[in-house]
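As C-alpha cells, the structure follows; a few thoughts come after it.
One is the number of the first residue; the rest follow in order along the sequence. Read the numbers this way: they start at 1 and go in the same order the structure lists the ligands and their atoms. What you see is a predicted model, and the numbers here were worked out from it, not measured in a lab.
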Amino acid sequence: MTTNDPVPFVDLAAAHRAVADEVAAGFAQVLATTAFVGGAPVTEFEREFAAFTGRGHCVGVGNGTDAIELALRALGVGTRPEDEVVLPANSFIATAEAVARAGARPVLVDAEVTYQLLDPERVAEAITPRTRAVIPVHLFGQLAPLDGIKAALAGREIAVVEDAAQAQGATRHGAGIGSAGPAATSFYPGKNLGAYGDAGAVLTDDEELATTVRAISCHGSLTKYEHTHLGVNSRLDTLQAVVLRAKLARLAAANEARRAAAARYDSLLTDVEQSLGLDLGRPRVAPGNVHVWHLYVIRVPERDRVLGRLHAAGIGAGVHYPRPIHRSVPFAGHAPRPCPVTDLLAGQILSLPIYPEITEAQQRRVVESLAKALVDSAA
Ligand SMILES: *Cc1c(COP(=O)(O)O)cnc(C)c1O
C-alpha cells in the first residue's frame with residue numbers, strides 16, 4: 001500500500017498530538033504560578049535527562065549552540081587568543097560558531113567516508129601545540145568514533161566536547177552521550193527530543209564543570225548578585241522544560257520507531273538499487289553504535305535534480321548540509337588541509353523524511369518517488 005499525499009520532512013504536529021494534554025496541563029500550572037524562569041519543571045527535566053543519558057549532571061541552557069560554547073568556556077577553552085579547537089567540516093555551522101564565540105579558532109578537518117563522521121586520522125594531523133579541544137559531532141544520530149579520537153589525543157591535555165545535538169539516546173559500546181567529555185545537545189523543535197522553541201543542555205559526569213556551566217549560563221552567578229564568571233543569559237525556559245519532560249518520557253519509543261523506519265528504508269531502497277543497478281550509499285551503522293536516526297541520508301547522482309523532482313512530487317527531502325563549513329563565508333580558510341570527503345558528500349547527500357510517526361505507506365511513496373526521480377534525472 002502506498003499513499004498519494006505529500007510526505008513532510010518531519011511531522012511536528014503528530015509529535016504534539018501525543019503530548020498535547022500533558023503539555024497543556026503543565027503550561028497551566030506554570031501560568032498559575034507565573035514562575036517562568038527556573039523552578040521544578042527545569043530541575044526535574046535536568047534530573048530525568050541526566051538519568052536517561054547515563055550522565056551525572058545536566059544543565060539546561062538556551063539552545064544547542066550556546067551549550068557547545070558554554071561547555072568550551074567552562075573548560076577554559078578560548079581564554080588565550082591562539083587557542084584552537086578541531087572539529088569536522090562536515091557538520092552544521094553552529095559547531096564552528098560556538099568555537100568562535102568561545103574565543104577560539106575553529107580548525108576544520110575532513111570526515112571519514114563510510115560513516116561520514118569525524119576521522120580520527122585527520123584529527124591527529126590537525127593537532128598543534130595550540131589545540132585545546134576536539135569536538136566530535138555525532139552526526140545524523142550515531143556517535144562519532146570517540147575511542148579513535150581519544151587515541152589520537154593520547155598523552156596530551158586536549159579536551160573532548162561532544163556535539164550531541166543529533167544523538168539523544170544514541171550509544172556507543174553501551175555508553176551514552178557525554179562519556180568522553182561534556183556533551184552539548186540541542187532541543188531545537190526538529191531534533192529527536194524537540195522543544196517548542198529553542199533550548200539545549202550540557203551533560204557531564206563532572207560536577208564542578210556542571211556548576212561552572214550553570215554559573216556562566218546565568219550571568220556568571222550561582223548566588224544572586226555574586227558574579228564569579230563573565231556570564232551570559234542562556235537558561236532553559238520553564239515552559240520548554242514542561243514540553244521536554246513530556247517528550248522525554250516517549251523518547252526511547254520514538255527512537256525505536258525511527259530505527260524501524262530506517263530498517264524499512266533499507267529494505268525498500270535495496271530493491272531500488274537492484275532494479276536500477278545503482279548504489280544509493282545507504283547509511284551504515286558503525287560497529288558498537290546504537291543509532292537514533294535523526295536523519296536518514298543517502299547518496300545519489302544528480303542530487304540537485306533528484307531533490308527538485310522529489311519536491312515537485314510532494315516529498316519533503318533535504319540536504320544536510322549542502323555547503324560544508326569551510327565553504328561558508330565566516331569560516332573560509334579554516335580548514336588547514338583539503339577536505340575531499342566532505343566536499344564530495346556535499347554534492348551527493350540527500351536526507352529522506354524520517355520521524356517516529358512516518359508510516360510504511362509514506363515510506364513507500366518516498367521510495368517510489370525517489371526511484372522515478374532517479375530515472376528521470378538520469379535521462
Ligand atoms: C542543531 C545543531 C546544533 C545547534 O543547535 P541549536 O539549538 O539550533 O543552537 C549544533 N550542532 C549540530 C550538529 C546540530 O544539528
Side-chain angles (χ1 to χ4, degrees), residues 9-10 12 45 49 58-73 85-102 106 108-109 111 115-118 133-144 146 149 160-170 177-178 180-203 213 217 232-237 240-241 243-244 247 255 258 283 291-297 318-326 328 330-331 342 345-346 349 351 354-355:
F9 186 64
V10 292
L12 298 181
F45 171 71
F49 194 54
C58 170
V59 182
V61 299
N63 58 70
T65 312
D66 283 2
I68 303 168
E69 177 190 336
L70 268 55
L72 290 168
R73 288 179 53 181
V85 175
V86 177
L87 68 146
N90 191 40
S91 179
F92 182 48
I93 196 166
T95 321
E97 289 173 323
V99 171
R101 288 285 311 237
L108 300 163
V109 305
Y115 308 108
Q116 310 181 11
L117 298 162
L118 181 60
V134 174
I135 309 184
V137 178
H138 303 326
L139 203 64
F140 305 154
Q142 71 174 326
L143 268 60
L146 296 171
I149 291 162
V160 172
V161 173
E162 302 177 28
D163 179 340
Q166 302 186 1
Q168 292 129 355
I177 55 174
T185 196
S186 161
F187 306 122
Y188 180 79
K191 300 284 158 80
N192 286 39
L193 180 57
Y196 290 178
D198 284 306
V202 175
L203 295 142
V213 170
S217 76
V232 297
N233 177 358
S234 185
R235 296 175 293 229
L236 174 62
D237 280 350
Q240 300 302 349
V243 174
L244 291 168
K247 286 199 168 178
N255 284 341
R258 286 175 183 269
H291 204 309
V292 293
W293 300 101
H294 175 60
L295 295 170
Y296 188 95
V297 178
V319 177
H320 300 83
Y321 297 92
R323 191 180 278 269
I325 303 177
H326 64 288
S328 72
F331 299 109
T342 301
L345 292 171
I349 46 179
S351 310
I354 193 163
Y355 41 89

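- Applying the ring-ring contact (aromatic ring centres under 6.0 Å, His included) test to Phe92 and every residue at least two apart in sequence or in another chain returns Tyr321.
- In this structure, atom 9 (O) of ligand 1 lies nearest to the protein heavy atom Thr65 OG1, 2.5 Å.
- For ligand 1, the atoms sitting less than 4.0 Å from at least one non-hydrogen atom of Thr95 are 11 (N), numbered in the order shown with element in parentheses.
- Near Asn63, meaning under 4.0 Å from any of its heavy atoms, are these atoms of ligand 1: 7 (O), 9 (O).
- Listed by number with element, the atoms of ligand 1 under 4.0 Å from a non-hydrogen atom of Ala94 are 3 (C), 4 (C), 10 (C).
- Side chain of Asp237 to main chain of Gln240: no donor-acceptor pair is present (N/O by atom type, distance under 3.5 Å, no hydrogens or angles).
- Pairing each heavy atom of Leu143 with each of Ala167, the nearest pair is CD1-CB, 4.2 Å.
- Closest of all the heavy-atom pairs between Gln168 and Asn255 is O-ND2, 2.9 Å.
- With Glu162 contributing its side chain and Pro136 its backbone, the two residues share no donor-acceptor pair below 3.5 Å.
- In this view, Ala96 and Leu87, Pro106, Ile325, Phe331 satisfy the side chain to side chain contact (heavy atoms under 4.5 Å, CB included) rule, not counting sequence neighbours.
- The side-chain contact (heavy atoms from CB on, under 4.5 Å) test with Val99 singles out one residue from Val86, Leu108, Ile135, Val161, and that residue is Ile135.
- The closest protein non-hydrogen atom to atom 13 (C) of ligand 1 is Asp163 OD2, 3.5 Å.
- With hydrogens left out, the protein atom closest to atom 8 (O) of ligand 1 is Ser186 OG, 4.0 Å, a heavy atom.
- Residue Lys191 holds the heavy atom nearest to atom 3 (C) of ligand 1 of all those in Gln166, His320, Lys191.
- The atoms of ligand 1 that sit less than 4.0 Å from any heavy atom of Val137 are 13 (C).
- For the pair Asp198 and ligand 1, no heavy-atom separation below 4.0 Å is found.
- Proximity of a side-chain donor or acceptor of Asn192 to a complementary backbone N or O of Val292 within less than 3.5 Å is detected.
- Within ligand 1, counting atoms from 1 as listed, the ones closer than 4.0 Å to a heavy atom of Ala165 are 2 (C), 3 (C), 10 (C), 11 (N), 12 (C), 14 (C), 15 (O).
- By the 4.0 Å heavy-atom criterion, His294 is excluded from the residues contacting ligand 1.
- Among the atoms of Gly64, some N or O lies under 3.5 angstrom from an N or O of ligand 1.
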